[in-house]
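The model shown is predicted, which means the values in this text are computed figures rather than measured ones. As the structure lists them, so they are numbered: ligands from 1, and atoms in each ligand from 1.
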Amino acid sequence: MRIAYFGLLDFAPPLWDNYSVRRNIIITIDGTAASGKSTTAREVAKRLGFLYLDTGAMYRAVTLKVVRDGIDPDNVEKLSRMLKSTDIVIDRENRIWLDGEDVTFQIRTPEIDRLVSVISAIPLVRERLVMIQRELGRDGGLVCEGRDIGTVVFPKAELKIYMDAKLSERTKRRKKELGHRGIDVNADDVRQVLSSRDEIDSTRTHSPLRIPGDAVIIDTSRLTIEGQVERVLEEMRKLKS
Ligand code: DC
């Protein structure tokens, strides 16, 4: 398996020094589905001139490949062979390429939403992806979001955030996001898929979604995107003292 990552935000000025923190720190953002992690992580990374790593996109790309190849997730041998021959590229605009094809939108369909938690609970899949994520974050200067980032992938990260929001609010956001992409979905279905994903993600045996002991918890139910970003930056500013 090869994951090439070109996420360096070279168009953003390196603002990390404005915050008087070392440029190689790691910020982790974990939390429930559609709680605002991606939007916040991307914007914080941009403002700091840090890398932004969306680990959910990696699990989604692997899920898409499992679906396309018609692989039985219980067939470990086949799955292992598939993972070895999988090529994922994340480019500078955070588009995701799977074996040379741009799948940025295909990995965010309701079908993949339904299946991704099942595929990402498979130990073999996690093992491979976690190894790559650690390698990508080796030099720090990174905002990384997912479910097990502060607990398993980067347990020594300087700043850990855990985001959550009311299910009704997350449902509204996800429905709106899908609507923007021309996918019309019923709110009840969205709510059901979100809560079932949270359930699977937080009860799986391997690296379940947990609030890291040393995390700052942010409830985004009543926050704007700017408010979410500002909350994270506020915690960043505290790091220097
Ligand atoms: O962040 P997201 O909704 O795109 O993530 C999709 C799924 O991927 C999520 O439901 C569980 C899985 N995931 C994971 O198991 N570990 C991560 N670090 C990130 C995502």
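For ligand 1 and Ser117, the ligand atoms under 4.0 Å from any heavy atom of the residue are 10 (O). For ligand 1, the atoms closer than 4.0 angstrom to any heavy atom of Asp148 are 16 (N), 17 (C), 18 (N). For ligand 1, the atoms closer than 4.0 angstrom to any heavy atom of Val116 are 6 (C), 7 (C), 8 (O). In the vicinity of Arg204, heavy-atom distances shorter than 4.0 Å reach the ligand 1 atoms 14 (C), 15 (O), 16 (N). Close approach of ligand 1 to Asp201 (heavy-atom distance below 4.0 Å) involves ligand atoms 9 (C), 10 (O), 11 (C).
Residues Thr220 and Arg231 are not in side-chain contact: their nearest non-hydrogen atoms beyond the backbone lie 4.5 Å or more apart.
The shortest non-hydrogen separation linking Pro155 to Thr151 is CB-O, 3.8 Å. Phe50 approaches Leu142 most closely through the heavy-atom pair CD2-N, 3.4 Å.
The protein atom (non-hydrogen) at minimum distance from atom 1 (O) of ligand 1 is Arg147 NH1, 3.0 Å. If you check which protein heavy atom lies closest to atom 12 (C) of ligand 1, you get Ser120 OG, 3.3 Å. Regarding atom 19 (C) of ligand 1, its nearest protein heavy-atom neighbour is Thr55 OG1, 3.3 Å. Given atom 6 (C) of ligand 1, the protein heavy atom at minimum distance is Arg197 NH2, 3.4 Å.
Partner Asp148 forms a salt bridge (charged side-chain N to carboxylate O under 4.0 Å, His left out) with one of Arg210, Arg134, Arg126 and no other, that one being Arg126. Of the listed residues (Asp87, Val125, Val62), just one forms a side chain to side chain contact (heavy atoms under 4.5 Å, CB included) with Met1, and that residue is Val62. Each of His180, Arg181, Arg173 was scored for a side chain to side chain contact (heavy atoms under 4.5 Å, CB included) with Glu177, with one residue passing: Arg181.
Looking at Arg60, Arg108, Met58, Arg126 and measuring to atom 15 (O) of ligand 1, the nearest heavy atom belongs to Arg126.
Using a 4.0 Å cut-off between charged side-chain N and carboxylate O, Asp198 and Arg170 make a salt bridge. Salt bridge present: Glu43 and Arg47 bring a charged side-chain N and a carboxylate O closer than 4.0 Å.
Within the structure, ligand 1 lacks Gln133 among the residues with a heavy atom less than 4.0 angstrom away.
For Ile149, every heavy-atom contact with ligand 1 shorter than 4.0 Å involves the side chain, none the backbone.
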